[in-house]
Asker: 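Dumping the structure here so I can ask a few things about it.
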Amino acid sequence: MKTSYLADVRGLQDGSRFKAVGWVMRRRSHGRLVFLDLRDSTGLLQVAVKAGVADEASLKAASMVGRESLVEVDGLVRTEARAPGGKELTALQVRVLSGVAQDFPLRKGVGAKVLWDNRHLALRSLRVSALMKIRARLLSALRRWFEENGFTEINCPSFITAAVEGGATLFKVDYFGKTAYLTQSVQFYQEAAIFGLEKVYSVQPSFRAEKSKTKRHLTEFWHVEAEIAHAGLSDMMGVVERLVGESSIQALQQSGEELRILGRKPRLDVLEPPYERIKYSEALEILESKGVDVPWGTDLGADEERVLTEGFEKPFFLTHFPREAKAFYHRIDPSDGRVTLSADLLAPRGYGEVVGGGERIFSLEELVARIEAEGLDPKDYEWYLDLRRYGSVQHAGFGLGLERLIQWLLELKSIKTATLFPRTRARIYP
RNA sequence: GCCGGGGUAGCUCAGCCUGGUAGAGCGGCGGGCUGUUAACCCGUCGGUCAGCGGUUCAAAUCCGCUCCCCGGCGCCA
C-alpha cells in the first residue's frame with residue numbers, strides 16, 4: 001500500500017530524497033528536459049526530469065509517457081518558485097508503472113457532454129476531488145450535529161407500496177410480480193420511529209420521477225431527513241437553522257485548500273443562525289412591492305422564488321403555506337384555517353429551496369378528514385393512521401437536499417456537480 | 001410534457017442564410033528544443049457532416065420525420 005503522498009513534499013527540506021507515485025496530468029517536453037505534473041489524492045507535484053541528473057532511460061520514458069499513466073519518480077525535493085505549490089521534485093529515476101492504451105479523452109476545453117459522458121474519468125480532476133472532500137466533510141458535520149443533539153440515526157426501506165405525496169413522481173419497479181415504488185422520502189417511517197426513539201434522522205437516497213430539466217433537480221438525490229416528537233413548527237425551525245448553519249460553517253472551515261482549488265470564498269457570517277422567518281402572506285406582499293402579483297393560495301414558482309430570495313443575504317424560512325399548496329399530512333394552523341404549519345428554508349441569491357418541512361397532523365380525525373378532502377383513500381394509509389391511534393404525539397420534521405445545500409454553499413452552476421454520478425431525467429450513464 | 005439552443009475530424013468550433021469535390025485550432029503520430037505552467041516550432045495522419053426519407057444535374061447547406069445533448073418552465077429537496 002502507498003504510504004507517502006505528493007503533498008508530503010511540502011514538509012520536506014531541500015535535498016531530501018522522495019519517492020513520488022502519481023498519475024501524469026500534463027507533460028511538457030523540451031527534449032533534454034521534461035516536466036511532468038503528477039496528481040494523487042492529496043494534490044499536484046511538478047517533476048523535472050533533466051538530462052545529466054536522471055538516467056537516459058528515465059528521460060526517454062518521461063518524454064514519451066502518455067497522460068494519465070501511473071508513474072513512480074525517485075528524486076530530490078527542491079524549492080522552486082516557478083512550480084505550482086512552490087516545491088519541485090528533480091527526478092533521478094522515472095518508472096512507468098502503468099501506461100495508457102490510447103490518448104486520454106479529456107483535457108482542458110472539452111464540452112459538458114463529453115465531461116458527463118466520461119464522468120468516470122473526469123472525476124480524477126483536482127476540482128472533483130475537492131468537491132467530494134467538501135461533500136464528505138459536510139455530511140460528516142451534519143451527522144455529528146445530530147448525534148450531539150440527541151438524535152438517533154435510522155435506516156429506512158427504499159422499496160415502498162404507497163406514495164408519500166403524489167404518485168406521479170414515483171418510480172415504479174417490479175417487485176416479484178407486485179408493483180412497488182422507490183421512496184421519495186422516509187418521512188412516514190420516521191414518524192413511526194419517533195414513538196420509540198423520539199428524535200431520529202436518516203441519510204439516504206430519495207427518488208423522484210419528476211420530468212424536470214433544471215439545474216436544481218436530480219432524479220436520485222441524497223436526502224437528510226429528521227423527525228422530532230414533542231415538537232412544533234418553531235422547534236423544527238430552530239433545529240434546522242442550527243443544523244444547517246453550524247454544520248456548514250464547520251465543513252467550510254475545514255476546507256480551505258479545497259475552496260482555493262474551486263476558487264470559492266463563501267461568507268461564513270451569513271450562515272450564522274438564527275434565520276429570519278417570513279410568512280407566506282408577507283412574502284406575497286414583498287413580491288407585490290416588487291411588481292410581482294401572485295394570487296393567494298398558489299405555490300411560488302421558480303421566477304417568484306428568485307425575485308424573493310434576491311433581496312436576502314442570509315437564508316430564511318418561508319412559513320405558513322396555504323393548505324392547497326402543501327401535502328395532506330401538514331397540520332393546519334389552529335389560529336388560521338387557511339394555512340399549514342409548514343416551513344421551507346430558502347437559500348439567498350436565487351439558490352432557492354434547500355429544506356422543506358413542518359408540523360404533522362397528529363389527530364386521527366383531522367388526518368382522515370384531510371386524506372378524504374384530497375380525494376385519497378384512507379385505506380391506503382392504514383399503518384400511517386395507526387400512529388395516531390396509540391398515544392399520538394405532536395411532532396414535526398423536515399427533509400434537506402444534500403446536493404442543494406452543496407450547490408448553494410459552493411455556488412455551483414449545476415446541481416450535477418455536487419454528486420459523483422448524477423442521475424437526471426436525461427442521464428443514467430455512466 | 002411545453003418552449004428555446006445545439007449535433008461537422010479524438011476535442012473545441014467555422015462553413016449552412018445565398019446548394020457546386022470538407023476547413024481551422026487543439027490533441028495523436030514523426031522530428032526539433034535544458035525552465036515549462038493548457039510550453040513552443042516544423043511536418044503529418046485524421047470525416048457515415050447524428051440517422052432516415054424527399055427536392056435537385058448536384059445537399060453539411062433546402063424540406064419532412066426520428067434520435068440524442070444542453071438550457072428554461074411547470075413540479076420539488
Asker: Could you say whether the aromatic ring of A:Phe35 and the base of B:G35 stack, counting only centre distances under 5.5 Å and plane angles under 30°?
Answerer: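 Check failed, A:Phe35 does not stack on base of B:G35.
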
Asker: Just to be sure I understand the rule, does A:Gly301 reach a base, reach only the sugar-phosphate, or reach nothing, if contact means heavy atoms closer than 4.0 Å?
Answerer: sugar-phosphate

Asker: Within this structure, what is the CD-to-C1' distance between A:Glu88 and B:U34, rounded to whole angstrom?
Answerer: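 Interatomic distance, CD of A:Glu88 to C1' of B:U34: 12 Å.
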
Asker: Taking a pair as Watson-Crick or G-U wobble with both distances under 3.5 Å, which nucleotide is matched to B:A39?
Answerer: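 Answer to the pairing question: none, since B:A39 forms no Watson-Crick or G-U pair.
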
Asker: Which residue lies toward the 5' end of RNA chain B, A:Gly111 or A:Ala302, if each is placed at its nearest nucleotide?
Answerer: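 Nearer the 5' end of the strand: A:Gly111.
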
Asker: Think A:Lys215 has a side-chain N or O under 4.0 angstrom from the OP1 or OP2 of B:G72?
Answerer: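 Yes, because at least one side-chain N or O of A:Lys215 sits under 4.0 Å from OP1 or OP2 of B:G72.
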
Asker: What is the separation between atom CG on A:Leu138 and atom C1' on B:A77, rounded to the nearest whole Å?
Answerer: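 Spelled out: CG on A:Leu138 to C1' on B:A77 is 14 Å.
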
Asker: Can you tell me the base-pairing partner of B:C52? Count Watson-Crick or G-U wobble geometry only, both distances below 3.5 Å, and say none if there is no partner.
Answerer: B:G64

Asker: Would you indicate which nucleotide in B:C11, B:C75, B:G35 comes nearest to any side-chain atom of A:Val114?
Answerer: B:C11

Asker: Quote, to the nearest angstrom, the C1' distance that separates B:U48 from B:A9.
Answerer: 13 Å

Asker: Among B:G35, B:C76, B:A38, which is the nearest nucleotide to the side chain of A:Arg78?
Answerer: B:G35

Asker: Using the C1' atom as the point on both nucleotides, what is the distance between B:G10 and B:C16, in whole Å?
Answerer: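 Approximately 24 Å lies between the C1' atom of B:C16 and that of B:G10.
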
Asker: Base, sugar-phosphate or nothing for A:Pro84? Non-hydrogen atoms, less than 4.0 Å.
Answerer: base

Asker: Between B:A60 and B:G53, how many Å separate the two P atoms, rounded to a whole number?
Answerer: 14 Å

Asker: How many Å lie between CZ on A:Arg32 and C1' on B:U36, as a whole number?
Answerer: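 Rounded to the whole Å, the gap is 17 Å.
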
Asker: Could you grab the distance from atom CG of A:Leu6 to atom CG of A:Leu89, nearest 0.5 Å is fine?
Answerer: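 A:Leu6 CG to A:Leu89 CG: 9.0 Å, rounded to 0.5 Å.
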
Asker: In whole angstrom, what separates A:Asp303's CG from B:C3's P?
Answerer: 18 Å

Asker: Across all strands shown, which nucleotide pairs with B:G1 by Watson-Crick or G-U wobble geometry, both distances under 3.5 Å?
Answerer: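 Per the H-bond distance test, B:C73.
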
Asker: Roughly how many Å is it from CD in A:Glu353 to P in B:G74, rounded to a whole number?
Answerer: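 The distance from CD of A:Glu353 to P of B:G74 comes to 13 Å, rounded to the nearest Å.
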
Asker: Is the base of B:C75 touched by the side chain of A:His217 through a donor-acceptor pair closer than 3.5 angstrom?
Answerer: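 Donor-acceptor pair under 3.5 Å: yes.
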
Asker: Tell me whether A:Lys416 is salt-bridged to A:Glu403, with the criterion being a basic N under 4.0 Å from an acidic carboxylate O.
Answerer: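 Judged by the 4.0 Å cut-off on N to carboxylate O distance, A:Lys416 and A:Glu403 do not form a salt bridge.
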
Asker: Backbone N or O of A:Glu225 within a donor-acceptor pair of the A:Gln190 side chain at under 3.5 Å?
Answerer: yes

Asker: In whole angstrom, give the distance that lies between atom CZ of A:Phe221 and atom P of B:C75.
Answerer: 17 Å

Asker: Please determine whether a side-chain nitrogen or oxygen atom of A:Lys416 lies at a distance below 4.0 Å from atom OP1 or OP2 of B:C70.
Answerer: yes

Asker: Base, sugar-phosphate, or nothing for A:Leu106, non-hydrogen atoms under 4.0 angstrom?
Answerer: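 Counting heavy atoms under 4.0 Å across all strands, no contact is made by A:Leu106.
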
Asker: Do the side-chain N and O atoms of A:Glu68 and A:Trp23 include a donor-acceptor pair separated by under 3.5 angstrom?
Answerer: no

Asker: Would you call A:Asp344 and A:Lys326 a salt bridge, using N to O less than 4.0 angstrom?
Answerer: yes

Asker: Heavy atoms only, 4.0 Å cut-off, all strands: where does A:Gln46 land among base, sugar-phosphate and nothing?
Answerer: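 The residue A:Gln46 makes base contact.
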
Asker: Specify the residue among A:Asp299 and A:Ala83 whose closest nucleotide of RNA chain B lies further upstream toward the 5′ end.
Answerer: A:Ala83

Asker: Indicate, with a heavy-atom threshold strictly under 4.0 Å, whether A:Glu220 touches base, sugar-phosphate, or nothing.
Answerer: nothing

Asker: Counting Watson-Crick and G-U wobble pairs only, both distances under 3.5 Å, name the nucleotide matched with B:C17, or none.
Answerer: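 Here B:C17 is not engaged in any pair, so there is no nucleotide opposite it.
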
Asker: Please report the C-alpha distance between A:Asp37 and A:Arg28 in whole Å, then the side-chain angles of each, then the deciding distance to 0.1 Å, and finally whether the salt bridge (charged side-chain N to carboxylate O under 4.0 Å, His left out) criterion is met.
Answerer: CA-CA 9 Å; A:Asp37 289 346; A:Arg28 295 178 294 281; 3.0 Å; yes

Asker: Using only side-chain N and O atoms of A:Arg306, determine if any of them is under 4.0 Å from OP1 or OP2 of B:C73.
Answerer: yes

Asker: Counting the atoms with a prime plus P, OP1 and OP2 as sugar-phosphate, which does A:Glu80 contact under 4.0 Å by heavy atoms, base, sugar-phosphate, or nothing?
Answerer: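 The residue A:Glu80 makes base contact.
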
Asker: Rounding to an integer number of angstrom, what distance separates B:U12 and B:C70 when you compare their P atoms?
Answerer: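 Result for the P pair: 13 Å, nearest Å.
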
Asker: Verify whether the ring centers belonging to A:Trp383 and A:Tyr189 lie closer than 6.0 Å.
Answerer: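 Ring centroids of A:Trp383 and A:Tyr189 are less than 6.0 Å from each other.
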
Asker: Give me the distance, rounded to whole Å, that separates B:U8 from B:C73 when you measure between the P atoms they each carry.
Answerer: 27 Å

Asker: Just compare B:U34, B:G74, B:C76 and give me whichever is closest to any side-chain atom of A:Thr214.
Answerer: B:G74

Asker: Consider the side chain of A:Arg404, meaning its heavy atoms from C-beta on, and name the nucleotide among B:C76, B:U34, B:C70 that approaches it most closely.
Answerer: B:C76

Asker: P atom, B:A58 versus B:C67: distance in rounded Å?
Answerer: 29 Å

Asker: Ion pair present between A:Lys199 and A:Glu227, side-chain N to carboxylate O less than 4.0 angstrom?
Answerer: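 Salt bridge: no.
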
Asker: Can you tell me how far apart NE2 (A:His395) and CG (A:Asp235) are? Round to the nearest 0.5 Å.
Answerer: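 The distance works out to 13.0 Å.
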
Asker: What does A:Arg216 touch in the nucleic acid at a heavy-atom separation under 4.0 angstrom: a base, only the sugar-phosphate, or nothing?
Answerer: base

Asker: Regarding A:Arg425, tell me which of base, sugar-phosphate or nothing describes its non-hydrogen contacts under 4.0 Å with the strands shown.
Answerer: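 Answer is base: heavy atoms of A:Arg425 come under 4.0 Å of a base.
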
Asker: Only pairs with both distances under 3.5 Å count, Watson-Crick or wobble alike; so what is the partner of B:U44 in this structure?
Answerer: B:G28

Asker: Among B:A39, B:C68, B:G28, which nucleotide sits nearest the side chain of A:Asp103?
Answerer: B:G28

Asker: Side-chain N or O of A:Arg28 less than 4.0 angstrom from OP1 or OP2 on B:A39?
Answerer: yes

Asker: Would you classify A:Ser206 as touching base, sugar-phosphate or nothing, given that sugar-phosphate means primed atoms plus P, OP1 and OP2, and contacts are heavy atoms under 4.0 Å?
Answerer: nothing

Asker: Distance between the C1' atoms of B:G32 and B:G71, in whole angstroms?
Answerer: 46 Å

Asker: Taking atom C1' in both B:G46 and B:G30, what distance in whole Å separates the two?
Answerer: 15 Å

Asker: Rounded to whole angstrom units, what separation is found between the CH2 atom of A:Trp116 and the C1' atom of B:C11?
Answerer: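 Going from CH2 in A:Trp116 over to C1' in B:C11 covers 18 Å.
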
Asker: Between B:U36 atom P and A:Leu45 atom CG, what is the distance in whole Å?
Answerer: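 My rounded result for the distance is 18 Å.
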
Asker: So which nucleotide from B:C26, B:C73, B:C70 ends up closest to the side chain of A:Arg107?
Answerer: B:C26

